[in-house]
There are 2 protein chains.
Amino acid sequence: MPKQVDHAARREEIAQAALRLCARDGLAGVTIGQVAQEAGVSKGLVQHYFAGKADLLRASAHVMRGEIERRILEAVRDARGPADTLRRALLAVVGLGVTAPIPLLAGHAFLARAVGDPEIRDLYRAGGDAVHREIAALVAASGPAADVDPGAEAHALLGLARGLADGVLLGELAVGDAAAIVDHHLRRILPGAATGSDSPSSSRPSG
Amino acid sequence: MPKQVDHAARREEIAQAALRLCARDGLAGVTIGQVAQEAGVSKGLVQHYFAGKADLLRASAHVMRGEIERRILEAVRDARGPADTLRRALLAVVGLGVTAPIPLLAGHAFLARAVGDPEIRDLYRAGGDAVHREIAALVAASGPAADVDPGAEAHALLGLARGLADGVLLGELAVGDAAAIVDHHLRRILPGAATGSDSPSSSRPSG
DNA sequence: ATCGATACAATACGATCGTACTGCCAACGG
DNA sequence: CCGTTGGCAGTACGATCGTATTGTATCGAT
């Protein structure tokens with residue numbers, strides 16, 4: 001064996017650079033040459049690690065998914081009980097607008113491709129379904145109000161969090177405001193749970 | 001004056017073709033040549049009506065905004081009272097996933113560009129702010145519950161509708177389910193208003 | 001009838017795209 | 001010690017990009 005290099009790490013490193021370009025210029029800006037420049041390597045090296053542009057984009061999509069997943073899992077790690085887990089996960093999603101704008105933006109760029117591209121679509125669907133099941137289970141385990149259907153509420157919470165994340169991303173509202181909105185909604189649907197007022201981030205709504 | 005052609009109409013026609021490409025392939029797929037082919041005109045004609053690619057993209061963004069605005073205004077036209085107006089507007093937004101996937105997808109494609117491009121960002125911000133004010137006013141006029149702040153609730157409703165529209169677009173849930181979720185939320189925050197059960201669209205939740 | 005302005009088509013051109021290919025260097029196995 | 005193998009850079013090439021330019025037909029005004 002020749003010079004040993006962590007193949008997977010190198011691939012991810014380059015895919016991360018591609019992801020940054022996705023976020024900045026959309027999928028249009030992802031060019032082998034640009035990626036090479038962004039990653040600080042030669043154009044030939046990008047070819048060495050990826051079979052082609054499609055392979056590179058696929059890897060970038062997976063990196064994006066992994067990045068977002070990682071943030072949520074981190075946020076949830078030290079949670080105390082299902083209601084707290086649910087709250088932390090949702091706040092992590094709305095926080096993506098400022099903590100991880102690159103994966104979020106890249107996610108939007110890929111979303112347009114998800115329609116028509118079976119692989120990307122499956123990536124979205126599989127992830128979305130898994131998250132939905134998880135959220136629904138957390139809702140059910142958090143002492144929901146009588147008129148709350150966990151499945152529908154999971155869609156509502158997920159939609160709310162995603163929409164708020166976009167709002168935060170566009171600067172329409174502050175993270176704190178978005179977090180307060182999520183907390184307010186959680187208090188409404190989970191009267192039995194103590195969805196704490198000790199917010200980990202700023203939470204002074206302004207307008 | 002020479003051969004009279006509706007200049008604005010021709011421009012919009014071509015911009016619509018560009019918008020379809022945005023939705024299908026993302027901003028990456030918007031090429032002068034491709035746009036010409038999609039619109040069924042010559043490459044030179046696209047140049048004749050647009051100063052360059054930036055001009056074309058700008059026009060497409062405005063067409064997208066106009067399309068979405070049109071759908072919402074149509075949905076709101078025959079509304080009876082503020083609560084009904086609010087409901088119809090929100091249902092129109094979640095319905096975009098099936099009634100207007102092209103502007104919605106194109107909107108996502110442009111969103112990635114909104115960060116960094118002042119003009120597109122202003123388009124988003126201006127539109128978002130106006131809609132937010134409108135929604136907040138409708139909430140305030142619809143007899144909200146005591147714990148409802150119209151401004152925050154407007155963000156919540158808008159975020160919820162946008163997030164659900166994405167879910168519908170990705171096929172994660174049906175329009176009817178999304179509509180039911182919106183209705184459920186509206187009933188919670190507007191106890192004084194009759195947010196009708198006589199839905200204009202299908203509204204049989206399934207899961 | 002002619003002239004100017006406009007709609008529209010077609011071509012030209014430099015830059016850049018994705019991909020293929022070639023070559024050099026370093027590290028292990030024999 | 002040498003050959004093979006993989007990391008890596010550089011170049012070549014056809015296709016396509018955006019734009020500039022040119023040419024032609026058609027209408028309205030003079």
Side-chain angles (χ1 to χ4, degrees), chain A residues 1-61 106 109-110 112-113 116-117 119-120, chain B residues 1-61 106 109-110 112-113 116-117 119-120:
Chain A
M1 244 181 291
K3 184 162 53 172
Q4 62 182 18
V5 174
D6 191 333
H7 197 84
R10 215 87 167 102
R11 263 181 73 97
E12 174 156 346
E13 190 178 331
I14 295 175
Q16 290 270 8
L19 205 65
R20 285 195 293 275
L21 292 184
C22 279
R24 189 186 311 148
D25 309 319
L27 255 35
V30 181
T31 292
I32 305 289
Q34 298 266 0
V35 169
Q37 190 175 341
E38 173 75 23
V41 299
S42 73
K43 195 176 163 186
L45 193 62
V46 178
Q47 291 187 265
H48 182 70
Y49 281 100
F50 296 93
K53 190 179 177 179
D55 188 25
L56 174 58
L57 249 39
R58 200 178 335 166
S60 295
F110 278 114
R113 175 156 298 208
D117 185 326
E119 175 158 2
I120 305 290
Chain B
M1 245 180 290
K3 184 161 55 171
Q4 59 183 18
V5 174
D6 191 333
H7 196 84
R10 214 90 167 99
R11 263 181 72 97
E12 174 156 345
E13 191 178 330
I14 296 175
Q16 289 272 8
L19 205 63
R20 285 195 293 275
L21 293 183
C22 279
R24 190 186 310 147
D25 309 319
L27 256 35
V30 181
T31 291
I32 305 290
Q34 299 265 1
V35 169
Q37 190 174 342
E38 173 75 22
V41 300
S42 75
K43 194 176 163 185
L45 194 62
V46 178
Q47 290 187 267
H48 181 68
Y49 282 100
F50 297 94
K53 189 179 176 178
D55 188 25
L56 175 57
L57 249 40
R58 202 179 335 169
S60 296
F110 278 114
R113 175 156 298 207
D117 184 327
E119 175 157 4
I120 305 291

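Reminder, nothing fancy here: chain letters follow the sequence lines and each chain counts from 1. Worth knowing before you read on, the calculation uses all heavy atoms, side chains too, and leaves out hydrogens, waters and symmetry mates.
Residue B:Leu45 contributes atom CG, which lies 16 Å from atom P of C:dT11 at whole-angstrom precision. Atom P of nucleotide C:dG18 and atom CD1 of A:Ile14 are separated by 14 Å, given to the nearest angstrom. The CG atom of A:Asp6 sits 16 Å away from the C1' atom of D:dC8 (whole-angstrom rounding). Nucleotide D:dT16 holds its C1' atom 15 Å from the CG atom of B:Leu21, rounded to whole Å. The interatomic distance linking A:Glu13 (CD) with D:dG7 (C1') rounds to 13 Å, in whole Å.
Here A:Tyr49 reaches the OP1 or OP2 of D:dC8: one of its side-chain N or O atoms lies under 4.0 Å away. Checking the phosphate oxygens (OP1, OP2) of C:dA7, a side-chain nitrogen or oxygen of B:His48 falls inside 4.0 Å. OP1 or OP2 of D:dG7 lies within a sub-4.0 Å distance of a side-chain N or O belonging to A:His7.
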Under 3.5 Å between N/O atoms: give me all the protein pairs with nucleotides 17-21 of chain D, atom names plus distance.
| unit_1 | atom_1 | unit_2 | atom_2 | d |
| --- | --- | --- | --- | --- |
| D:dG18 | OP1 | B:Lys53 | NZ | 3.2 |
| D:dG18 | OP2 | B:Ile32 | N | 2.8 |
| D:dG18 | N7 | B:Lys43 | NZ | 3.4 |
| D:dT19 | OP2 | B:Lys53 | N | 2.9 |
| D:dT19 | O4 | B:Lys43 | NZ | 3.1 |
| D:dA20 | N7 | B:Gln47 | NE2 | 2.9 |
| D:dA20 | N6 | B:Gln47 | OE1 | 2.8 |

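When all heavy atoms of B:Cys22 and B:Ala106 are compared, the pair lying nearest together is CB-CB, 3.9 Å. Scanning all heavy atoms of the two residues, the minimum distance from A:Ala109 to A:Leu27 falls at O-CD2, 3.6 Å. When all heavy atoms are compared, the tightest approach of B:Ser60 to B:Phe110 is CB-CZ, 4.0 Å.
Residues B:Phe50 and B:Leu57 fail the side-chain proximity criterion, which asks for heavy atoms closer than 4.5 Å.
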Side-chain atoms of residues 8-18 of chain B: list all donor-acceptor pairs with protein atoms under 3.5 Å, sequence neighbours left out, distances to 0.1 Å.
| unit_1 | atom_1 | unit_2 | atom_2 | d |
| --- | --- | --- | --- | --- |
| B:Arg10 | NH1 | B:Glu13 | OE1 | 3.3 |
| B:Arg10 | NH1 | B:Glu13 | OE2 | 3.3 |
| B:Arg11 | NH1 | B:Tyr49 | O | 2.8 |
| B:Gln16 | NE2 | B:Glu67 | OE2 | 3.3 |

Name the atoms and distances for all side-chain donor-acceptor pairs under 3.5 Å in residues 32-39 of chain A, with sequence neighbours left out.
| unit_1 | atom_1 | unit_2 | atom_2 | d |
| --- | --- | --- | --- | --- |
| A:Glu38 | OE1 | A:Arg24 | NH2 | 3.4 |
| A:Glu38 | OE2 | A:Arg20 | NE | 2.5 |
| A:Glu38 | OE2 | A:Arg20 | NH2 | 3.4 |

